Number of protein chains: 2
Amino acid sequence: MERCRMVFSGSGGQGVITAAIILAEAAVLHEGLVAVQSQSYGPEARGGATRSDVIVADSAIRYPKVIQPNVLVCLTQQAYGKFYSMIRPGGLLVTDSRYVKLEKKVDARQVELPMHASVMERIGKGIVLNICMLGAVIGLTKLVKGESIMKVLEKQIPKQFLEMNRKALELGAELVKDIKVC
Amino acid sequence: MERCRMVFSGSGGQGVITAAIILAEAAVLHEGLVAVQSQSYGPEARGGATRSDVIVADSAIRYPKVIQPNVLVCLTQQAYGKFYSMIRPGGLLVTDSRYVKLEKKVDARQVELPMHASVMERIGKGIVLNICMLGAVIGLTKLVKGESIMKVLEKQIPKQFLEMNRKALELGAELVKDIKVC
């Protein structure tokens, strides 16, 4: 497999760190891959846009920080404004279509998805937006299976919330099912 | 300040990743420092001992992975067996006195603390063991103030759990109050 370097960005409380950790654990514990997940906080962290990095590969990862992501997800306009320029040429930029207005030219495939609107309409709980985002990311990249994500969630969250998370994951996959990345 | 490189280790579910993220956010958002927090998962992650790294500094951090921690916390025997040898000479090794039997010689100050036993006796909820551990770590290192940790928790957890977390943090500080590190 090609090494997949991802950055998930948004505002604090949208769960981008949690999403990155879940993805890393799914890859390592259930798909035999290796992963590094990190947060770097500098003075700019006090601004508002949060960023979380995850690298998934099938061989040792030497440098754990993402410089140029293959996949960049931006859930807010502020995160987009701050991070859009780091996308790897030929990469994939995923944005929330309600919260991000695309203003910049990038050498990457841009995918606008109504993640927040769909989560609110179909599930009614904004808290699973990050899981819907994960569903979209794995739907686009085929990086790990949805069931591997669910296995991680089954160990980490109370039973009564599992169904809601499963719906959010499937919703994300559904949003991208007709989108060809290559 | 000296750069502080820390590794928190234990078993999955003990919250060592959460503790590292809370510490990093407290340092950055409330103390004007910079921080990097990461998880590296290789094939050994499928074994059982979980590890989480955090570096806190007052100037840019170039390499985000911890090779030799100044502070190594081990909450289980398995984590201790796996990670004890990485401690930086002259560093600080903190273990849970019920769950870890010290068997190895290390060139570091060893501090055994009854964290789990005290949490169970005084609070009765094992889930805040990681916060007690954080209280002990910041009590020993003076890296960030307890109130900075509380500010992060106030934003992240439901109100009804705040008091329990505050107690756990204070309990950790109390366990180390007579321990001189230097």
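Computation of the quantities below employed the complete heavy-atom set of this structure, encompassing side-chain atoms and omitting hydrogens, waters and symmetry-equivalent molecules. In the text below, chain A, chain B and the rest are named by the order of the sequence lines, each starting its count at 1. Quantities reported herein were computed from a predicted structural model and do not represent experimental measurements.
Of the inter-residue distances, the one linking Lys65(B) atom NZ with Arg62(A) atom CZ reads 10.0 Å to the nearest 0.5 angstrom.
At most 12 non-hydrogen atoms from other residues, nucleotides or ligands lie less than 6.0 angstrom from NZ of Lys167(B). The number of heavy-atom neighbours closer than 6.0 Å to NZ of Lys151(A), taken from other residues, nucleotides and ligands shown, is above 12.
The shortest distance between side-chain heavy atoms of Pro64(B) and Pro64(A) falls below 4.5 Å. Taking the side chain as every heavy atom from C-beta outward, Ile21(A) and Tyr41(B) approach each other to under 4.5 Å. Residues Ile17(A) and Glu25(B) meet the side-chain proximity criterion, which asks for heavy atoms closer than 4.5 Å.
Contact count against chain B (heavy-atom pairs under 4.5 Å) is highest for Gly32(A) among Gly32(A), Ser52(A), Gly13(A). With chain B as the partner, the residue from Val34(A), Val36(A), Val54(A), Val28(A) showing the most heavy-atom pairs under 4.5 Å is Val28(A). Of all the listed residues (Ile61(B), Ile55(B), Leu29(B), Asp53(B)), the one sharing the greatest number of non-hydrogen pairs under 4.5 Å with chain A is Leu29(B). Ranked by heavy-atom pairs under 4.5 Å with chain B, the first of Ala57(A), Gly12(A), Ser40(A), Ala35(A) is Ala35(A).
Proximity to chain B is limited to the backbone of Leu33(A), based on heavy atoms less than 4.5 angstrom apart.
Hydrophobic cluster membership differs between Leu140(B) and Val66(B), with clusters built from Ile, Leu, Val, Met, Phe, Trp and Tyr side chains linked at under 4.5 angstrom. Grouping the Ile, Leu, Val, Met, Phe, Trp and Tyr side chains by contacts below 4.5 angstrom, directly or via other members, places Leu75(A) apart from Leu102(A). Linking ILVMFWY residues whenever their side-chain heavy atoms come closer than 4.5 Å, directly or via other members, leaves Tyr99(A) and Tyr80(A) in distinct clusters. A chain of hydrophobic side-chain contacts below 4.5 Å, direct or via other Ile, Leu, Val, Met, Phe, Trp or Tyr residues, connects Leu143(A) to Leu92(A). Under the 4.5 Å side-chain heavy-atom criterion for grouping Ile, Leu, Val, Met, Phe, Trp and Tyr, Leu113(A) is connected to Val128(A) within one hydrophobic cluster.
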